[in-house]
There are 2 protein chains.
Amino acid sequence: MSAVTINDVARQAGVSKKTVSRVINNEANVSVETRDKVMAVIQATGFKRNPLGMALAKNRSLFIALLADNPSPGYLQKLQKGVLQYCSESNMGLFLYDCSYRSPGLVAEIEGFIDNTLADGLILVPPLSDKKELLDMLNRRKVAYVRIGAPDAALGDSVGFDNQQAAYELTRYLLRLKHKDIGFVLGHPDQGSSQRCEAGFRQAYAEAGIEFPEKLLVQGYYTFQSGVDAAAVLLNKTPRPTAILASNDEMAVGVLYSAHSRGLKVPDDISVVGIDDIALSTKVWPNLTTMRQPITAIGYRAAYKLIRKLQGLPDEGPKNPEADLLTCELIVRDSAREPGRN
Amino acid sequence: MSAVTINDVARQAGVSKKTVSRVINNEANVSVETRDKVMAVIQATGFKRNPLGMALAKNRSLFIALLADNPSPGYLQKLQKGVLQYCSESNMGLFLYDCSYRSPGLVAEIEGFIDNTLADGLILVPPLSDKKELLDMLNRRKVAYVRIGAPDAALGDSVGFDNQQAAYELTRYLLRLKHKDIGFVLGHPDQGSSQRCEAGFRQAYAEAGIEFPEKLLVQGYYTFQSGVDAAAVLLNKTPRPTAILASNDEMAVGVLYSAHSRGLKVPDDISVVGIDDIALSTKVWPNLTTMRQPITAIGYRAAYKLIRKLQGLPDEGPKNPEADLLTCELIVRDSAREPGRN
DNA sequence: CGACACATTGACACCGGTGTCAATATGCTT
DNA sequence: AAGCATATTGACACCGGTGTCAATGTGTCG
C-alpha cells in the first residue's frame, strides 16, 4: 500500500537516492534524461516524500501554528479560515493552539507546545500579539512569527487593519446622521487596538468641532457579555445616547441584546454600530451596520507572510515596509439611522 | 540555546543513548541509579525529546487532525474547543483541515493532506463522518479515526448524541405547551442526524395520538440561511404554525430572523426552538429555548477515544459498546411559550 | 593536446530518535 | 560450585530524507 520510500524510487530508477532527492526538490544540475526517468518512477509508484524524514533532515517541519486566546469567536473563525486557505495552497500543516491570555504560565506553556510540535512558525492573534514576554521568548528561540492586528515595527512583522481609521469613519457616519450623544464601548484595555479605536472616535469629534462626550465612554472587553454590560450602563444615562458605537461587532451584538431586553427598538429608539463584520452581524435582528475588516484576507496574508519567510522567498505583497494594513469598508445595514423623535 | 539531543544527555550521563531512550519512555529494566542519573541530566539540560525524530523512528507522529466541512460555525467551534482540550492534556498536536463536502476530489484531497502531515488519526465531523468513500480510504490506509455524531457500528468508532431523543423530547415539550401546528425544519438530507430528528418528531406525535402535520415539514440544510428560507415558507402557510422546531440552532436563529423581519414577535406570535445550544443561541433576542447537546464534551471524548486508541491504551470511558451517545438536556429560555390568542 | 571550468552523479555521514539482539552481571536453584 | 533464569546495558542498524564532498564526464580555451 503506502510507504514508497525514496530508496524504492532510487532502486527502480537505477540512480542514487540523492539524485531522487534532487529531482523532488527541483534542484539544478540534473540531466533531463535522469529527471524524466526519475519522474516516471515517481508517477508510477505514487511516491510522496515523507514530511517527517524531511523535517528531521532539514530541521524545518513544514508546520505552522495559529495561537489564539479567544476574544471574539466569530473573529477567530474568519481569521482561521484565511490562514487555513493559504496553508492548503502551500501544503503546510496548520496546528491549532488555544491558550489563555492571562495564564501566568503562558510563555512556558507555549514553549512546551513548540517543543511538542516543532512548528516552524507562529501566527499570533491579539491579545497575544502584544505580549512582550512571549515575543522575547520566540526571538530567543528563533521561532518565526507574524502578528495579527498590532502594527509596531519594533515587535516584528504584522498584518492588521487600521482600527483608528475604522472608528474614525464610523463615528463620522453617525455624526453625519446627526447623532450627537454617541455612547462608546471601548475594547480590552490591554490591547492596542482599543486605544486606536478611541483615538478614532476623538478624532472625528475634534474634526466636527463638537465636544467629546467623555461621560459616554464605557469600558468593554471585546466580548459579547461586556457589550451587554456596557450597554446597560449607557442606557441608564440621561439623556440617553441616541447611538452606541462598540469597538467590535461581538460587543455591538451585546448592545443590541441589551437594548432589546429593555424593550428598545433598534434603530428606531437607538442606533447601534460595530466594527469587524463577523458572521454574527448578519444573523441578528436587525442586521448590524459595521465597518468591515477583511479578517479572512488578513489571515490569508499573515499565513502568506509567515510561510514565504520560512521558505526564504521574498514577500511579493504590498510594499508596506513594516506592517500590512488592509483597508476597511463601511457596511450600511439596518441597525443605524437618524435619531428619531425619541 | 535549544537542541539538547539525546546524544548530549547520554554523553553527560555516561550511558548509551538507548538507555536514555528507555528512561524517557519509562521502560522497565533500568536500574534506579541509572534512571536517577539520567533524570538529573535531563533536568539540568532541559532536554526535550524531538517529536520528529521519534515520529520517524516509531512511524507514529503524535499529531491528529480535525477534518471539517463547515455546517454550523458555532457547532464546529465548540467541538474544536473540546478536541483541543484533550490534545493539550495529552501533548498531542492538532491539525486543522477544512474541506468541502461536495468537492469531487474530496477523498484524494484528504489523502494528500494525510501525506503532507502524517497525522496519526482523524476526527471526522458530519457530514464527513457519513461519507463512505472517505472511510474506505482511511481503512485501506489504516489511518485511525473517530466519527462525530453518526453512530453506526459498521462504520467504526463514533461519539455523538441521540438526535432522535432530543427531537422527541423537544416536540413533547411543545405539545405539552399545547402547540399542535408545529412547523419542522429538517436538517441536511445527506446527514443521518437529519432522519433521526425527523423520527423523533414523529414519535412524539404518535405517542400523543395526534396526526402528524406532514405539510409543515420543510427541508433545511443546517445553515442559517436555510433556516431563514424554510421559515419564509412556513410562515406563509394558513393556518400559520404556532411554533417552529428547527433541527439545529443555527437554523432556529434563521427562523427567528425570518419572523422578526415580518414583524412577528417571538414568542408572543410564534414559538421557535432549536437543537444544540451553541454560543449564538444566547446572543440573539430572545434567547433560544433548545436541547443542549454537550458539544464540547463530545469533542473531548472523541479526542480521548482516538488518542487512547493510538496509544494502544484501553478506553476507560462509558461502556457503550459501539458508539458513545452523550445525553442531551432541555434548556428552557425565552423563545417558546404557550400559543397566544393569535 | 593539456589545463581548467563546469555539469552530473553517487558514497557516506547525519538529523534525533527507536528496535533488535547480544554481552555482561546478578541472583537463585540444586 | 555448576547451571540457569533474569535484570541491565550498549552496539549497531534503521526510520526517510538531506548536506557535503569527491569522482567522474564533458566542453572550452589557449
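Here the structure is a predicted model, which means the values were calculated and not measured. Below, chain A is the first sequence line, B the second, and so on; all start at residue 1.
- Nearest approach of B/Ala68 to B/Leu76, heavy atoms of both residues: CB-CD1, 3.6 Å.
- Separating the CZ atom of A/Arg11 from the P atom of C/dT9 is a distance of 20 Å, rounded to the nearest angstrom.
- A/Asn7 comes within 4.0 angstrom of nothing in the nucleic acid, heavy atoms only.
- Heavy-atom distances under 4.0 Å link DNA chain C to B/Phe47, B/Lys48, B/Arg49, B/Asn50, B/Gly53, B/Met54, B/Leu56, B/Ala57, B/Lys58 of residues 43-64 of chain B, given in residue order.
- With no hydrogens or angles considered, no side-chain donor-acceptor pair links B/Asp157 and B/Tyr145 at under 3.5 Å.
- A distance of 6.5 Å separates CG in B/Leu52 from CZ in A/Phe63, rounded to the nearest 0.5 Å.
- Considering SG of A/Cys99 and CD of A/Glu109, their distance stands at 6.0 Å, rounded to 0.5 Å.
- Taking every heavy atom of both residues into account, A/Ser100 and A/Asp69 meet most closely at C-OD2, 3.9 Å.
- Side-chain contact of B/Glu89 with B/Tyr300: a donor-acceptor pair under 3.5 Å is present, judged by distance alone.
- Using bins of under 30°, 30° to 60° and over 60° for the plane-to-plane angle, the ring pair B/Tyr101/B/His188 lands in the perpendicular bin.
- Between the CG atom of B/Leu96 and the CG atom of B/Leu66 there is a distance of 5.5 Å, given to the nearest 0.5 Å.
- To the nearest angstrom, C1' of D/dG17 lies 13 Å from CD1 of A/Ile42.
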In B/S/- notation, 5' to 3', how is nucleotides 5-13 of chain D contacted by protein heavy atoms closer than 4.0 Å?
--SBBBB--
